[in-house]
Amino acid sequence: MKIPVFWDEVQLLHDPAAELSNGRLVAYAEKPARARAIFDTLAGSGLVEIQAPGRLDEALLHTVHDAAYIALLRGAWADWLKEGCSGDAMAGCWPVRGQRDVPLTRVQARLGAACFDAGTPITAHTLAAAEAAAAIGQAAGSAVAQGARLAFGLCRPPGHHAGRDYMGGYCYFNNAALAVEQLLASGADRVAVLDVDYHQGNGTQDIFYARPDVFFASIHCDPASDFPYYWGRAEETGSGPGLGTTLNLPLSRGTDWASYEPALQAALCAIRRFQPRALVISYGADTFEADPISHFRLKTEDYRRMGAAIAELEFPMAVVMEGGYDIGALGANVLLFLEGLAQR
Ligand code: SP5
Ligand code: ZN
């Protein structure tokens with residue numbers, strides 16, 4: 001059985017010029033060539049069947065994201081031009097915590113209030129790409145709901161840093177959360193998310209933080225040293241009816257497979273205990289040793305091991321693509337992970 005891979009080339013049109021990094025504007029790391037490299041490797045592998053996603057369900061999108069936030073993203077580029085700005089649309093002024101809630105008119109101000117970093121610009125084609133990625137997240141969830149044991153959503157832009165009403169970390173819509181909500185809408189009563197991107201999945205955590213029906217586990221670099229800084233400590237375990245359904249496993253810079261594997265087993269153990277009907281995996285290959293923006297030391301072969309370890313869970317799985325910035329190795333790092341998952 002070939003693995004269904006959902007893909008839409010509209011995603012390649014999102015191409016921001018720069019991001020703010022260590023006090024400088026530098027080339028944007030989340031480049032179209034990333035998705036192209038993954039697509040080419042998977043398409044040439046004989047392991048997968050490329051499929052177009054269905055239409056993005058408006059109601060489902062509104063289950064995950066706030067209506068005013070969706071409207072902001074949809075209007076941002078036109079507003080930016082109307083207000084006489086040039087360059088990619090992004091804020092340069094942000095409200096601080098605890099600030100009084102005031103009505104905002106300028107798109108600069110509205111973007112600042114809805115974004116937590118200076119790495120998530122909006123271009124002419126960003127919305128189209130982000131909607132395609134969201135549709136792909138939904139399609140991956142839907143394929144699993146309809147009986148696939150494994151499906152892969154080749155999403156770009158990524159999604160796990162985007163919350164209900166905010167963007168950040170190269171993410172606009174939360175593609176993994178769309179997969180989760182699609183599974184729940186199709187009758188699953190409990191769904192788990194395993195996030196293995198180098199960066200903690202703060203958006204997914206926030207969206208499901210108080211939910212007893214969605215378990216969120218994330219293995220990531222300690223936020224004391226790395227982005228997203230303000231989320232991802234081990235003490236964050238959920239709230240209210242969702243207390244105990246969030247698991248954060250921060251690891252230090254320099255982590256290799258020997259130190260990664262025990263954390264992965266701990267996450268798998270907790271997921272098994274939760275007994276979900278399905279698992280959504282936020283897969284980032286930025287844990288790779290040569291990743292240009294990250295500091296773990298996993299090797300290409302380790303992704304097959306990671307996939308095989310996760311495959312020990314008997315639940316059906318929808319994988320969505322998150323980060324991973326070493327374009328030369330990215331295709332192999334995705335393919336081997338999928339091969340490991342498909343081994344069962
Ligand atoms: C989905 C995902 O992996 N998002 C990560 C966002 C990380 N943003 C902060 C990175 C800081 C390093 N910037 C280096 C840019 C090199 N062009
Ligand atoms: Zn990442």
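We count ligands from 1, going down the list as the structure has it; atoms in each ligand are counted the same way.
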For ligand 1, note which part of Asn22 has a heavy atom under 4.0 Å away: side chain, backbone, both or neither. neither
Heavy-atom gap Tyr198 to ligand 1 smaller than 4.0 Å: no
Under 4.0 Å from a heavy atom of Asp197: which atoms of ligand 1 are those, numbered in the order shown and with their elements? 3 (O)
Numbered atoms of ligand 1 (with element) below 4.0 Å of Asp286, judged on heavy atoms: 3 (O)
Quick one: which ligand 1 atoms are inside 4.0 Å of a heavy atom on His160? 1 (C)
Could you tell me the residue and atom name of the protein heavy atom closest to atom 11 (C) of ligand 1, and the distance to it rounded to 0.1 Å? Ser21 OG, 4.4 Å
Report the part of Ala27 in contact with ligand 1, treating N, CA, C, O as backbone and CB onward as side chain, heavy atoms under 4.0 Å; options are side chain, backbone, both, neither. backbone
Atoms of ligand 1, numbered as shown, that sit under 4.0 Å from any heavy atom of Val26: 15 (C), 16 (C), 17 (N)
Per residue Asp197, nearest N, O or S atom to the Zn ion (ligand 2) is named OD1
Quick check: of its N, O or S atoms, which one does His199 have closest to the Zn ion (ligand 2)? ND1
Rounded to the nearest 0.5 Å, the CZ atom of Arg164 sits from the OG1 atom of Thr63 at a distance of 8.0 Å
Does a donor on one side chain sit under 3.5 Å from an acceptor on the other, for Glu261 and Gln265? yes
For Tyr229, the hydrophobic cluster (side chain heavy atoms closer than 4.5 Å, chained through members) also holds Phe116, Tyr166, Phe227, Tyr230, Trp231
Sub-4.0 Å heavy-atom approach of Glu30 to ligand 1: no
Under 4.0 Å from a heavy atom of Pro158: which atoms of ligand 1 are those, numbered in the order shown and with their elements? 1 (C)
In Å, rounded to the nearest 0.5 Å, how long is the span from CG of Leu264 to CZ of Arg305? 12.5 Å
Any donor-acceptor pair under 3.5 Å linking the side chain of Tyr303 with the backbone of Phe288? yes
Any donor and acceptor pair, going by atom type alone, linking the side chain of Ser142 with main-chain N or O of Ala139 inside 3.5 Å? no
I'd like to know: is the Zn ion (ligand 2) within the 2.8 Å range of an N/O/S atom from Asp286, strictly under that distance? yes
If only side-chain N and O atoms count, and only distance matters, is there a donor-acceptor pair under 3.5 Å linking Tyr209 with Glu236? no
Ligand 1 and His199, any nitrogen or oxygen pair closer than 3.5 angstrom? yes
Backbone N/O of Val5 and side chain of Glu49: donor-acceptor pair under 3.5 Å: no
Side-chain H-bond candidate by donor/acceptor type, Asp226 with Tyr198, under 3.5 Å: yes
If we only count N/O pairs under 3.5 Å, is Gly169 in contact with ligand 1? yes
Enumerate the atoms of ligand 1 whose separation from the nearest heavy atom of Ile293 is less than 4.0 angstrom. 14 (C), 15 (C), 16 (C)
Could you check whether any side-chain N or O of Arg253 sits under 3.5 Å from a backbone N or O of Phe296, counting only pairs where one atom can act as donor and the other as acceptor? no
Regarding ligand 1, does Asp117 bring an N or O atom to under 3.5 Å of one of the ligand's N or O atoms? no
Looking only at distance, does Tyr325 have an N or O less than 3.5 Å from an N or O of ligand 1? yes
For the student: nearest non-hydrogen atoms of Trp77 and Ala89, plus distance: CZ3-N, 4.0 Å
Tyr28 ring center near Tyr170 ring center (under 6.0 Å): yes
Per-atom contacts of ligand 1 with His161, taking only distances under 4.0 Å to non-hydrogen atoms: 1 (C), 2 (C), 4 (N), 5 (C)
What protein heavy atom lies closest to atom 7 (C) of ligand 1? Include the residue and the distance to one decimal. Phe227 CD2, 3.6 Å
